[in-house]
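Naming: A, B, ... by sequence-line order, numbering from 1 per chain.
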Number of protein chains: 2
Amino acid sequence: MSKPKEETLAVRISRALADRIIAGQIEPGSRLRQDHVAEEFGASHVPVREAFRRLEAQGLAVSEPRRGVRVASFNLAEVKEVAEMRAALEVLALRHAAPNLTAAILDEAEAATKAGDESRDVRSWEEANRSFHRLILTPCAMPRLLASIDDLHAASARFLFAAWRADWEARTDHDHRAILAALRSRQVDAACSTLAGHVQWIGRRPVPASGGKVREAFAIVG
Amino acid sequence: MSKPKEETLAVRISRALADRIIAGQIEPGSRLRQDHVAEEFGASHVPVREAFRRLEAQGLAVSEPRRGVRVASFNLAEVKEVAEMRAALEVLALRHAAPNLTAAILDEAEAATKAGDESRDVRSWEEANRSFHRLILTPCAMPRLLASIDDLHAASARFLFAAWRADWEARTDHDHRAILAALRSRQVDAACSTLAGHVQWIGRRPVPASGGKVREAFAIVG
DNA sequence: TCCGGGAAAATTATAGATAATAATCAAGTC
DNA sequence: GACTTGATTATTATCTATAATTTTCCCGGA
């Protein structure tokens, strides 16, 4: 019934856990117990441990020797750090991708932007936003760079979902359109600097915290 | 006898293997067989598999499901990719580190540069070079960024050792000194642009290839 | 007879399951 | 405050299944 095609169990488990961590279904700081996870996936602890090592490498989990692994927690400093790393790396990727961008790709990216504008919830907005970035960056053909950017996008999504859990207001993404316009007219420098600013813009918004108080949450919205 | 201090077996195994891969003791493309590794380290295959996942995440090994894991191979394109990623990320780190740099740190970095100039072999030059970069970047206090840079340094070292296996000519590192001078006089922009150029300089040199022929090897020398 | 191609069998290695032991930590308990 | 207990994790050892690889072997053709 299952498809043990070309994927190892450890990869599937780590992806499933990553999705939950990103979606905020598992609280930061809570423990990931290998036997529980193993039981849930109908697997033994061996692939689960491998999955944990993968999550660790992605920065989604932290492991303390002999004490188990926990979902990584994060703070404003890390949000800023990820934003700046994304800016640096995405600009690099865009510079190399620009010469390879076709009109078809830019049209697809515009469609993704539109889909994002029309999104009624965070989840679908994030998906549209991610595919916009992926579309304009993938043609750089630098696998290692793209993998790093993917990991940073996962972290970004986590911050985002932590801040905007339920409600989401639709808004038109002017940055994306400016980037596309610059790319269409071959103004690579302008596109890059808009992208850098776009990615580093950190949205803030109040969220209900424990104890009936209100604290401020931060996330990368781009 | 052994010191199972604060480190898990998987971490120690992956470090040991990483050292060998970086040093070129294991050829790119050759297989890492879990049972052999397990036997060598007196461990079972479970921690070995975890070590493999770590190496994979660092880009030092590639794993094909059901076919085992091999030492990652690399080519000129990847050398360039790593060089550009290092330039982007190290510049970012330096910008944040600059305000926190003390005279003591810069003196240490100068000592590291001197040690590099006096190195008679690649191995010790690489060590001195790495500590120079680490010294001036660590004060940025961005753990995720520093971890990424560390991985890129490991890749750089691998390229370097593949090209300069035995011989090494001493040379004085003018770039390092220029960077330190700029940092001492608080010219952060100048320091950053020198660093960017320094890291992206790709040295080339002929190495004996199989079949009595000579091919050219490339590496990041900075 | 010798040779090459390819099917089938044997071998090897990986992936995973299961069970057992040791080490660690967190609470209680005296 | 020291000690004990229980829970959980880390690690090892052993075992099974399955996929890859290698070897063997057979057959047809020169």
Side-chain angles (χ1 to χ4, degrees), chain A residues 1-21 25-73, chain B residues 1-21 25-73:
Chain A
M1 205 76 291
S2 60
K3 45 163 185 177
K5 257 224 187 103
E6 290 270 332
E7 292 217 325
T8 189
L9 244 183
V11 171
R12 270 184 294 170
I13 294 175
S14 84
R15 265 212 277 272
L17 292 178
D19 280 349
R20 287 187 210 166
I21 295 172
Q25 287 166 23
I26 321 179
E27 287 289 305
S30 63
R31 310 182 62 159
L32 294 172
R33 274 172 288 223
Q34 60 180 4
D35 286 348
H36 293 201
V37 176
E39 194 182 3
E40 183 192 339
F41 287 89
S44 82
H45 76 113
V46 180
V48 172
R49 294 176 60 77
E50 293 178 51
F52 285 172
R53 295 291 91 80
R54 289 175 54 91
L55 294 173
E56 218 185 328
Q58 280 176 57
L60 293 176
V62 290
S63 148
E64 296 166 272
R66 302 250 171 213
R67 300 198 52 188
V69 9
R70 300 172 169 276
V71 175
S73 49
Chain B
M1 201 78 288
S2 60
K3 42 163 185 176
K5 252 215 193 118
E6 288 269 332
E7 293 219 322
T8 190
L9 244 182
V11 172
R12 270 184 295 169
I13 294 175
S14 82
R15 265 215 277 271
L17 291 178
D19 279 349
R20 288 188 210 165
I21 295 172
Q25 287 166 24
I26 321 179
E27 288 288 305
S30 63
R31 312 182 59 162
L32 294 172
R33 272 171 290 224
Q34 58 181 9
D35 286 347
H36 293 201
V37 177
E39 194 181 5
E40 183 192 339
F41 287 89
S44 84
H45 75 105
V46 181
V48 172
R49 293 178 60 76
E50 293 179 51
F52 285 172
R53 295 291 92 79
R54 289 176 53 90
L55 294 174
E56 218 184 329
Q58 281 175 49
L60 292 177
V62 290
S63 149
E64 297 166 273
R66 294 264 165 205
R67 300 196 57 189
V69 7
R70 300 172 170 277
V71 176
S73 49

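Side chain of A/Arg31, nearest nucleotide from C/dA17, C/dT14, D/dT8: D/dT8.
Rounded to whole angstrom, the span from the CG atom of A/Leu9 across to the P atom of D/dT18 amounts to 14 Å. A/Arg12 has its CZ atom 8 Å from the P atom of C/dG16, to the nearest Å. Taking atom CG of residue B/Asp35 and atom P of nucleotide C/dT12, one finds them 12 Å apart after rounding to whole Å. Atom CD of B/Glu64 and atom C1' of C/dA15 are 15 Å apart (whole Å).
With rounding to the nearest 0.5 angstrom, the NE2 atom of A/His45 is 7.5 Å from the CG atom of A/Asp35.
Shown here are the side chain to side chain contact (heavy atoms under 4.5 Å, CB included) partners of A/Glu27, two or more places apart in sequence or in another chain: A/Ser30, A/Arg165. Looking at residues two or more places apart in sequence or on another chain, you find a side chain to side chain contact (heavy atoms under 4.5 Å, CB included) between A/Ala38 and A/Val48. For the salt bridge (charged side-chain N to carboxylate O under 4.0 Å, His left out) test, residues two or more places apart in sequence or in another chain that qualify with B/Arg20 are B/Glu40. The side chain to side chain contact (heavy atoms under 4.5 Å, CB included) test applied to A/Ser44 returns A/Val46, A/Pro47, not counting sequence neighbours. Residues that satisfy the side chain to side chain contact (heavy atoms under 4.5 Å, CB included) test with B/Glu39, not counting sequence neighbours, are absent from this structure. Judged as a salt bridge (charged side-chain N to carboxylate O under 4.0 Å, His left out), and not counting sequence neighbours, the contacts of B/Arg15 are B/Glu7.
Between the base of C/dG16 and the side chain of B/His45 there is a donor-acceptor pair shorter than 3.5 Å.
A close approach under 4.0 Å does occur between a side-chain nitrogen or oxygen of A/Gln34 and OP1 or OP2 of D/dA10. Distances shown here put a side-chain N or O of A/Thr8 below 4.0 Å from the OP1 or OP2 atom of C/dG16.
The list of salt bridge (Lys or Arg N to Asp or Glu O under 4.0 Å) pairs with a residue in residues 47-63 of chain A, not counting sequence neighbours, reads A/Arg49-B/Glu50, A/Glu50-B/Arg49, A/Glu50-B/Arg53, A/Arg53-A/Glu56, A/Arg53-B/Glu50.
The residue B/Leu32 sits close only to the backbone: its heavy atoms come under 4.0 Å of sugar-phosphate atoms, none of a base.
Shown here for B/Ser14 and B/Leu55, the closest heavy-atom pair between the two residues is O-CD2, 3.5 Å.
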Polar atoms only, N or O, under 3.5 Å: list the protein pairs with nucleotides 25-27 of chain C and their distances.
from, atom 1, to, atom 2, distance (Å)
C/dA26, OP1, A/Arg67, NH2, 3.0

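Sequence order on DNA chain C of the closest nucleotides to A/Val46 and B/Val69 puts B/Val69 first from the 5' end.
Within residues 47-60 of chain B, the residues having any heavy atom under 4.0 Å from DNA chain C are, by residue number, B/Arg49.
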